[in-house]
Every structure is written in structure tokens, then in C-alpha cells.
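To start, the structure under review is shown below, and the notes come after it.
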Amino acid sequence: MTTTAAYAAPAAKAPLERTIIERRDVGEFDVLIDIKFAGICHSDIHQAREGWGEAIFPMVPGHEIAGIVAEVGPGVTKFKVGDRVGVGCMVDSCRECENCVAGLEQYCLKGNVGTYNALDKNGEPTYGGYSQKIVVDEAFTLRIPDGLSLDVAAPLLCAGITTYSPLRHWNAGPGKKVAVIGLGGLGHMGVKLAHAMGAEVTVLSQSLRKKDDGLKLGADHYYATSDPKTFKELAGTFDLIVSTVSAPMDFGALLSLLKTDGALVNVGAPEEPVSLNLFSVIAGRKTLAGSGIGGIQETQEMLDFCATHGIGAEIELIAASEINDAYERVVSSDVRYRFVIDTATI
Ligand code: NAP
Ligand code: ZN
Ligand code: ZN
């Protein structure tokens with residue numbers, strides 16, 4: 001057993017505070033990682049505030065982890081001490097079901113083991129990246145290519161893969177018109193990735209406040225959803241829309257922006273349900289789909305793609321003592337575009 005400093009929510013809706021947690025001994029196939037940086041995902045906030053339902057406390061959030069291997073178990077073959085590595089939203093799965101065998105561990109039929117707010121195979125609670133050390137099975141550890149700095153790579157482990165996976169699955173690329181809804185942590189990665197894939201990219205944000213940034217990130221067009229003219233002008237335009245919005249949206253209005261046979265893929269995980277008039281998918285044979293993070297192999301592919309294209313997240317590096325303020329700023333859509341914790345300050 002190792003102890004390590006961490007930031008934890010002691011109870012639902014309570015501010016996060018410094019604490020000491022235990023990490024398991026390094027097992028045969030485990031790596032011990034010295035965490036250098038941890039991104040703040042909106043999912044951390046949903047869970048720390050029990051917005052998705054009952055959660056496990058104390059909670060150490062954080063599933064955008066970048067660091068350096070400090071120790072390896074005797075059976076480890078993928079990594080050695082000193083390697084640059086990352087950990088995303090899951091730390092284990094059954095590894096046997098048809099989804100795990102197909103590299104879709106995120107959809108493990110027995111449920112994947114979340115990096116935090118979950119119980120591992122031994123029934124022990126998992127604790128996430130707002131800490132200085134973590135022990136993870138090598139099978140759920142990713143290699144961060146040399147070309148990517150660890151601080152801007154950390155958010156790729158969730159925000160990057162969550163947008164990369166649907167863009168790939170629904171064939172974003174040259175000749176395709178792709179819209180990204182919401183220019184936050186996920187959204188800004190979606191813009192960068194869709195642009196790098198060769199698609200024509202449009203941002204739909206609540207306002208034009210971040211337009212200059214959006215265009216710099218790689219968007220070709222930028223519209224405000226608060227302006228009713230947007231929906232008239234863009235009706236029937238897109239092959240693919242990826243919604244990253246953390247609050248309930250009018251999905252009927254978004255579906256009206258698709259071409260015939262277009263797809264609206266939702267990755268946002270609002271705390272409240274949405275209602276939808278189903279005629280909005282019948283007319284134009286449209287697809288309304290969802291997508292969750294990505295499998296381990298695809299996450300490695302995404303990291304390698306980002307290194308090749310020089311893509312990292314746009315980050316605001318913060319000290320651990322600023323986490324609670326950062327949460328408030330994320331909730332009020334005041335983030336440009338991912339808060340990343342310097343774990344040396346924990
Ligand atoms: P974020 O940084 O807060 O970005 C969300 C963006 O949504 C905001 O920047 C804002 O963009 C827009 N937005 C927020 N409230 C809105 C409202 N009331 N109406 C319209 N637009 C609104 O959050 P994130 O970390 O990117 O995460 C986004 C969502 O995805 C969260 O719900 C998170 O839990 C979920 N998520 C899902 C997965 C998955 O696997 N499917 C993985 C990670 C995260 P504008 O200011 O541009 O309008
Ligand atoms: Zn996340
Ligand atoms: Zn499985």
C-alpha cells in the first residue's frame with residue numbers, strides 16, 4: 001500500500017479539500033504512475049454533485065490523467081519506468097465479453113470500472129486523477145507520444161477521445177459538413193479534431209462571445225444558437241452534428257439542421273431528461289445517436305493522431321487550491337477551454 005495526497009469531495013455538493021488516500025500495491029500487471037497533470041471534465045462536477053444519481057464518497061475525481069511511470073509490476077511488458085503515460089475514464093473491464101474483445105471496453109457488457117466513483121474487481125472504491133500517484137493495470141494505461149506535452153495531453157484522455165470516436169465512427173472527413181454544439185472542453189477538441197480530419201466545421205455556441213477562438217481552433221463558420229435566424233439559415237445543412245452540451249437542449253431544433261440521412265450524435269450528459277417530437281427523425285430519415293468515450297485501442301490511435309497533427313487541448317493550468325473556483329467557472333461556461341490541475345500543488 002502507498003499513500004498519496006489527493007483532492008476529494010467528502011460528500012455530495014461539498015467543496016473539494018486536500019486529503020490523503022491509499023493506492024494498492026503494484027500488482028503483476030500494474031504500473032505506478034506519478035501523476036503530473038489532471039484535467040477537470042464536466043463529468044467530474046456532475047458526479048461530485050450527485051447530478052447523475054447516488055455516488056461514492058469521499059470522491060477523488062479526475063479521468064484525464066497524464067504522468068510518468070514510476071514502477072512496474074513483474075508481468076508488465078508495455079511500459080518501463082520513465083515512460084510518459086495517460087489514463088482516461090476506465091481502469092478495467094471484464095475483458096471477455098463481445099464488446100471488450102472488439103476493443104469497445106467502454107461498452108463492456110458487465111460494466112467497465114470507472115477511474116473514480118466506481119468499485120474495482122475486489123469491491124474497493126476507485127479514486128481518480130486529482131492526486132499525485134495512481135496504480136493502474138497496464139492494459140488500461142495509454143502511451144503519450146513524445147511530441148505532446150503532458151499538460152495539454154491530459155484532456156485528450158476524455159475530451160479528446162469522446163469527440164474523436166464519433167467523428168471517426170460517422171466518417172467526418174473531406175467533403176463532410178460537421179457541426180459541433182457547445183465550445184467547452186469537449187467541443188473545442190471536437191473542432192480541432194474534425195478540422196484535422198478534413199471536414200468543414202461549424203460551431204454552434206450559445207452566443208458569439210468565443211467566435212474568434214472558435215475560428216482559430218479550426219472552425220470554418222460560427223453561429224449563435226440564441227439567434228433564431230441561425231436555425232433558418234442552417235436548416236438541412238449538416239452531415240453530422242456532435243452535441244457536447246452539458247444541459248438539456250432542443251434536439252428537435254438541432255435535428256432540423258441535418259441533411260437527409262444525417263446524424264446527430266449526442267455526447268453531452270445532462271442531469272435532466274429531454275423530450276423530443278419523433279417526427280424530427282422521421283422526416284429526412286435522420287439518426288439520433290449517442291457515444292461514450294472510446295475503447296483503449298482507439299484512445300491510443302487518437303493520441304497518435306494528435307501527435308501527428310500537433311493537437312493538444314487549450315488549457316488553463318491551475319493549482320489544486322483553485323479547483324472549487326474552477327468548478328464554478330465550468331458550470332457557467334466560463335472555461336477556455338479546459339482547466340488542468342498541476343498536481344505538484346496538491
Ligand atoms: P464544458 O466544458 O462545460 O462544455 C459544455 C459546453 O456546453 C459549454 O461550454 C457551453 O458551450 C455549452 N452549454 C453549457 N450549458 C448550456 C446550456 N444551458 N445551453 C446550451 N449550451 C450550454 O463540459 P465538457 O467537459 O465539455 O462536457 C460536456 C458534457 O459532456 C458534460 O455533460 C459531460 O458530462 C459530458 N461528457 C460525456 C462523455 C461521454 O462519454 N459521452 C465524456 C465526457 C463528458 P457554449 O458556451 O459554447 O454554448
Ligand atoms: Zn470526462
Ligand atoms: Zn466486457
Side-chain angles (χ1 to χ4, degrees), residues 38-49 51-52 61-65 88-90 92-117 128-129 154-166 180-191 203-211 213-214 217 219 222-226 242-250 253-254 265-272 274 289-296 299 313-316 326-339:
I40 294 181
C41 178
H42 206 124
S43 302
D44 299 348
I45 305 171
H46 290 304
Q47 291 175 86
R49 297 182 175 178
W52 291 344
H63 56 210
E64 294 185 334
I65 299 170
C89 299
M90 18 173 210
D92 209 348
S93 71
C94 87
R95 309 182 194 201
E96 288 169 359
C97 72
E98 61 182 271
N99 286 350
C100 284
V101 170
L104 297 169
E105 299 90 347
Q106 76 274 35
Y107 307 129
C108 174
L109 298 175
K110 294 185 181 148
N112 69 62
V113 178
T115 303
Y116 65 88
N117 191 24
L156 303 179
L157 275 303
C158 176
I161 185 58
T162 302
T163 47
Y164 181 90
S165 184
V180 175
I181 321 291
L183 196 66
L186 267 56
H188 94 288
M189 287 311 310
V191 171
V203 174
L204 288 168
S205 180
Q206 292 167 94
S207 72
L208 297 180
R209 198 164 49 98
K210 296 178 275 191
K211 181 173 177 181
D213 289 354
L217 293 168
Y222 202 104
Y223 289 85
T225 50
S226 54
V242 178
S243 175
T244 73
V245 174
S246 51
M249 289 284 283
D250 181 350
L254 296 181
V265 183
N266 174 65
V267 296
E271 299 174 8
E272 307 298 331
V274 296
S291 184
I293 48 173
I296 294 298
T299 304
E314 301 300 311
I315 65 164
E316 199 173 316
Y327 272 26
E328 291 310 318
R329 285 186 51 196
V330 172
V331 168
S332 54
S333 302
D334 178 25
V335 51
R336 296 191 183 202
Y337 282 86
R338 201 54 142 187
F339 289 109

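Remember, predicted model here, so these are calculated numbers, not experimental data. Whatever order the structure lists ligands and atoms in, that order sets their numbers, starting from 1.
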Under 3.5 Å: donor-acceptor pair, side chain of [X], backbone of [Y]:
| X | Y | result |
| --- | --- | --- |
| S165 | I161 | no |
| K210 | L183 | yes |
| H188 | R336 | no |
| T115 | C89 | yes |
| S205 | A224 | no |
| Y107 | G292 | yes |

Counting both backbone and side chain atoms, is some N or O of [X] under 3.5 Å from an N or O of ligand 1?
| X | value |
| --- | --- |
| P270 | no |
| S291 | yes |
| H46 | yes |

Please work out which of [options] has its closest non-hydrogen atom nearest to [atom].
| atom | options | value |
| --- | --- | --- |
| atom 26 (O) of ligand 1 | L186, V265, I161 | L186 |
| atom 39 (C) of ligand 1 | V335, T162, T225, D213 | T162 |
| atom 17 (C) of ligand 1 | E64, Q206, K210, M189 | Q206 |
| atom 2 (O) of ligand 1 | A224, S207, C158, G185 | G185 |
| atom 44 (C) of ligand 1 | S43, G290, S226, S333 | S43 |
| atom 18 (N) of ligand 1 | A247, G190, G184 | A247 |

Given the options V180, I181, L204, S243 meets side chain to side chain contact (heavy atoms under 4.5 Å, CB included) only with I181
Partner of V191 under side chain to side chain contact (heavy atoms under 4.5 Å, CB included), picked from V242, D213, V203, is V203
Give me the nearest non-hydrogen protein atom to [atom] as residue plus atom name, then the distance to 0.1 Å.
| atom | result |
| --- | --- |
| atom 28 (C) of ligand 1 | T244 O, 3.0 Å |
| atom 37 (C) of ligand 1 | V267 O, 2.8 Å |
| atom 7 (O) of ligand 1 | V245 CA, 3.6 Å |

- Query: Is any side-chain N of the basic residue among E316 and R329 closer than 4.0 Å to the acidic one's carboxylate O?
  - Reply: yes
| Can a salt bridge be assigned to the pair R338 and E64 using a cut-off of 4.0 Å between side-chain N and carboxylate O? | yes
With a 3.5 Å cut-off and no angle check, do the side chains of Q47 and N117 form a donor-acceptor pair? yes
With no hydrogens and no angle check, do the side chains of Y327 and D44 hold a donor and an acceptor under 3.5 Å apart?
no
Heavy atoms of G182 and T244 approach each other most closely as O-OG1, 3.1 Å
Contact with ligand 1 for [X], non-hydrogen, under 4.0 angstrom:
| X | value |
| --- | --- |
| A159 | no |
| R338 | yes |
| W52 | yes |

task = Go through the steps to decide whether R49 and E328 satisfy the test salt bridge (charged side-chain N to carboxylate O under 4.0 Å, His left out), and finish with yes or no.
result = CA-CA 12 Å; R49 297 182 175 178; E328 291 310 318; 2.7 Å; yes
Would you sort out whether C108 and N99 count as a side-chain contact (heavy atoms from CB on, under 4.5 Å), showing the intermediate values?
CA-CA 6 Å; C108 174; N99 286 350; 5.7 Å; no
For [X], atoms of ligand 1 separated by under 4.0 Å from a heavy atom:
| X | value |
| --- | --- |
| G182 | 11 (O), 47 (O) |
| H42 | 1 (P), 3 (O), 23 (O), 24 (P), 25 (O), 27 (O), 31 (C) |
| S205 | 45 (P), 46 (O), 47 (O), 48 (O) |
| I293 | 39 (C), 40 (O) |
| M249 | 20 (C) |
| V330 | 3 (O) |

task = Dump the intermediate steps for side-chain contact (heavy atoms from CB on, under 4.5 Å) on L208 and Y222, then the final yes or no.
result = CA-CA 7 Å; L208 297 180; Y222 202 104; 3.8 Å; yes
Within the 4.0 Å heavy-atom cut-off, what S246 brings close to ligand 1 is both
Residues passing the salt bridge (Lys or Arg N to Asp or Glu O under 4.0 Å) test with R209, sequence neighbours excluded, are none
Taken in chain and number order and not counting sequence neighbours, the residues that satisfy salt bridge (Lys or Arg N to Asp or Glu O under 4.0 Å) with E272 are none
Quiz item: Does a side-chain heavy-atom distance below 4.5 Å link I293 with H63?
Solution: no
Protein-derived N, O or S atoms lying less than 2.8 Å from the Zn ion (ligand 2), waters not counted, sum to 3
Under 2.8 Å from the Zn ion (ligand 3), the protein N, O or S atoms found are C94 SG, C97 SG, C100 SG, C108 SG
**Request:** Report the C-alpha distance between M90 and V113 in whole Å, list the side-chain angles of each, state the deciding distance to 0.1 Å, and finish with yes or no for side-chain contact (heavy atoms from CB on, under 4.5 Å).
**Result:** CA-CA 6 Å; M90 18 173 210; V113 178; over 6 Å; no
